[in-house]
Amino acid sequence: MVFFSTLNETVFNVSLPDIAKQFGIAPSVANWVNTSFILSFGVGSLIFSRIADIYSVKKLLIIGLLIYSGGSLMGMIAQSYFPAVAAARMIQGAGASAVPGLIMVIITRYVDKQNRGKAFGLVGSVVALSEGIGPAIGGIVADYIHWSFLFLLPVMTLFTIPFWVKVLPNETKQEGKTDFIGAILLSVGIVTMTLYMTQHQWMYLLIGLLFSILFLMHIRRAEQPFLSPSLLRNRRFIFGVLTGALMLGIVAGFISMVPYMMRDVHALTTGMIGGRILFPGTISVILFGVIGGVLVDKRGVTVVWYLGFMAIAASFVTITLFLDRTPWFMPVVLIFIFGGLSFVKTVISTVVSASLDAEQAGAGMGLLNLVCFLAEGIGIAVVGSLLTEHVVAFPWLLSLQSAKASLYSNVLLILVIFTVISGLAFAWNFKRK
């Protein structure tokens, strides 16, 4: 279940140029195939984790898997109409979001303490494996069949439902209220702010700010608010979340650009991009995740953060300077980028969890997941917008010989600047602490 749920975060990445070409749309629009999934996935994961203390985990999980498969079938049937494809991806994300939050609840409730670490480690490895192998599977399916068949993969999660029906107990509804008003206000604010980041229409910004203000006013008065105001006043927590989210959004935006870059500059096929360019780097996440955890325990978060930060920044600079020379240095550079990302994720999870009290842990880590998912979606959307806008399409670096490479090189320079800002911000915050 975990494998086929998280697979959809990356399986469509290498197919975005094919989708853009088929529908005759710009990259900024095609990227909504990923952005719509990530938005609903992020918001939904927080909602499911918040209501799991009230409603039956078994029922919530089955409902989520049915929604996930329903969105998948919708996408397959409506593959010739792009708005329906984007809507299907949003429905997929809403259903799949039940998995990350509820699987942690299941392990916490029903796995013995002496085996709980192994269970979390196993789930983490499966997540890393699915995210890593996603581009390769997506490239093969899109190259030899058609990208629309990627919608059928999540239907495999339906085969796990009989297992959950059998092994999970029939829980009764617990005391408590669900702050649906707060959840709706927060969701609308997030979606409209993201629309502003991609469409640049002031109306979306005004609506997003309005609903964000209404949400903050609401949680101050609500008896059982969706998010506790005390959590939002925790400066160390907020600063750690925003710093990590910025770095994750930068890398996610870059990864979404790789298929376009390899297609336009080096004329590689979808299968080659997924299997030979992206796959080695994404699969290395499993190894670097383990190494990062060990280093944090032995050397502390500062050392691991700087290793991850320098790996990402140096890799971006290398690609910027030698983008049009050959595509075959990219798999090696991507290993360092994904390795650096693994280190950054480990550090952020450690720093943020240490800033939370026991009663804030559930909501705080859920909010961290939400913000990071949203940052990835916004990063993808912003990079798609930069690829569409002509303001950055000018030859600036003399080392580049290809005119097509200039656009991608300039976008990378922007990402380098924000990477440095994120690194300095973390260093400043850690020094204050």
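Computation of the quantities below employed the complete heavy-atom set of this structure, encompassing side-chain atoms and omitting hydrogens, waters and symmetry-equivalent molecules.
Contact annotation: the side chain of Ile414 approaches that of Phe418 to within less than 4.5 Å [non-hydrogen atoms, C-beta and beyond]. The shortest distance between side-chain heavy atoms of Ile106 and Leu61 falls below 4.5 Å. Counting only heavy atoms from C-beta outward, the side chains of Thr157 and Ser5 approach each other to under 4.5 Å. Residues Val85 and Trp147 meet the side-chain proximity criterion, which asks for heavy atoms closer than 4.5 Å. Between Trp32 and Ile19 the shortest side-chain heavy-atom distance does not fall below 4.5 Å.
Aromatic ring centres of Phe12 and Phe151: separated by under 6.0 Å.
At least one donor-acceptor pair closer than 3.5 Å links the side chain of Ser45 to the backbone N or O of Phe41. Counting only distance, with no hydrogens or angles, the side chain of Arg89 and the backbone of Asn8 share a donor-acceptor pair below 3.5 Å.
The OG atom of Ser422 lies 12.0 Å from the CG atom of Leu415; values are rounded to the nearest 0.5 Å. Going from atom CD1 of Ile380 over to atom CG of Asn34 covers 5.0 Å, rounded to the nearest 0.5 Å. The line from CE of Met247 to CD1 of Ile348 is 8.0 Å long, rounded to the nearest 0.5 Å. Distance check, rounded to the nearest 0.5 Å: CD1 of Ile238 to CZ of Arg233 gives 11.0 Å. From Phe329, atom CZ reaches atom CG of Leu323 across 6.5 Å, with rounding to the nearest 0.5 Å. Interatomic distance, CG of Leu206 versus OG1 of Thr192, reported as 10.0 Å (0.5 Å rounding).
Every residue meeting the side-chain hydrogen bond (donor to acceptor under 3.5 Å, both in side chains) condition with Ser148, not counting sequence neighbours, appears here in chain and number order: Gln79, His146. In terms of the side-chain hydrogen bond (donor to acceptor under 3.5 Å, both in side chains) criterion, Thr269 has no residue partners (sequence neighbours excluded). The side-chain contact (heavy atoms from CB on, under 4.5 Å) test applied to Pro259 returns Val14, Pro17, Ile273, not counting sequence neighbours.
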Worked check of side-chain contact (heavy atoms from CB on, under 4.5 Å) between Met261 and Phe254: CA-CA 10 Å; Met261 189 164 58; Phe254 165 74; 4.2 Å; yes
Full working for side-chain contact (heavy atoms from CB on, under 4.5 Å) between Met1 and Ile103: CA-CA 10 Å; Met1 182 188 69; Ile103 199 69; 3.9 Å; yes
Worked check of side-chain contact (heavy atoms from CB on, under 4.5 Å) between Tyr68 and Val99: CA-CA 10 Å; Tyr68 188 28; Val99 176; over 6 Å; no
side-chain contact (heavy atoms from CB on, under 4.5 Å) between Ile312 and Phe336, intermediate numbers included: CA-CA 7 Å; Ile312 294 172; Phe336 285 97; over 6 Å; no
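Between Phe426 and Trp305, the angle of the ring planes stays under 30°, which puts this pair in the parallel group of the 30/60° scheme. The aromatic rings of Tyr306 and Phe309 lie perpendicular to each other, with more than 60° between the two planes, well past the 30° mark.
Pairing each heavy atom of Ala30 with each of Ala20, the nearest pair is CB-CB, 3.8 Å. For the residue pair Pro154 and Ser69, the shortest heavy atom distance occurs at O-OG, 4.0 Å. Taking both residues in full, the closest heavy atoms of Leu102 and Phe48 are given as CD2-O, 4.0 Å, listed atom of the first, atom of the second, then distance. Here the shortest heavy-atom pairing between Phe23 and Phe82 reads CE2-N, 3.5 Å. Here the shortest heavy-atom pairing between Ser187 and Val43 reads OG-CG1, 3.0 Å. Residues Leu150 and Ser15 approach most closely at CD1-OG, 3.7 Å, considering heavy atoms.
Heavy atoms from other residues, nucleotides or ligands lying under 6.0 Å from CG of Leu66 number more than 12. More than 12 heavy atoms of other residues, nucleotides or ligands sit less than 6.0 Å from atom CZ of Phe3.
Applying the side chain to side chain donor-acceptor pair (under 3.5 Å) test to pairs two or more places apart or on separate chains, none has a residue in residues 239-250. Pairs passing the salt bridge (Lys or Arg N to Asp or Glu O under 4.0 Å) check and including a residue from residues 261-275, sequence neighbours excluded, read Asp18-Arg263.
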Side chains of residues 211-218: which donor-acceptor pairs under 3.5 Å do they make with residues two or more places apart or in other chains?
| residue | atom | partner | partner atom | Å |
| --- | --- | --- | --- | --- |
| Ser212 | OG | Gly208 | O | 2.8 |
| His218 | NE2 | Asp179 | OD1 | 2.7 |
| His218 | NE2 | Asp179 | OD2 | 3.1 |

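With respect to Ser315, the side-chain contact (heavy atoms from CB on, under 4.5 Å) criterion is satisfied by exactly one of Thr419, Val251, Ile337: Ile337.
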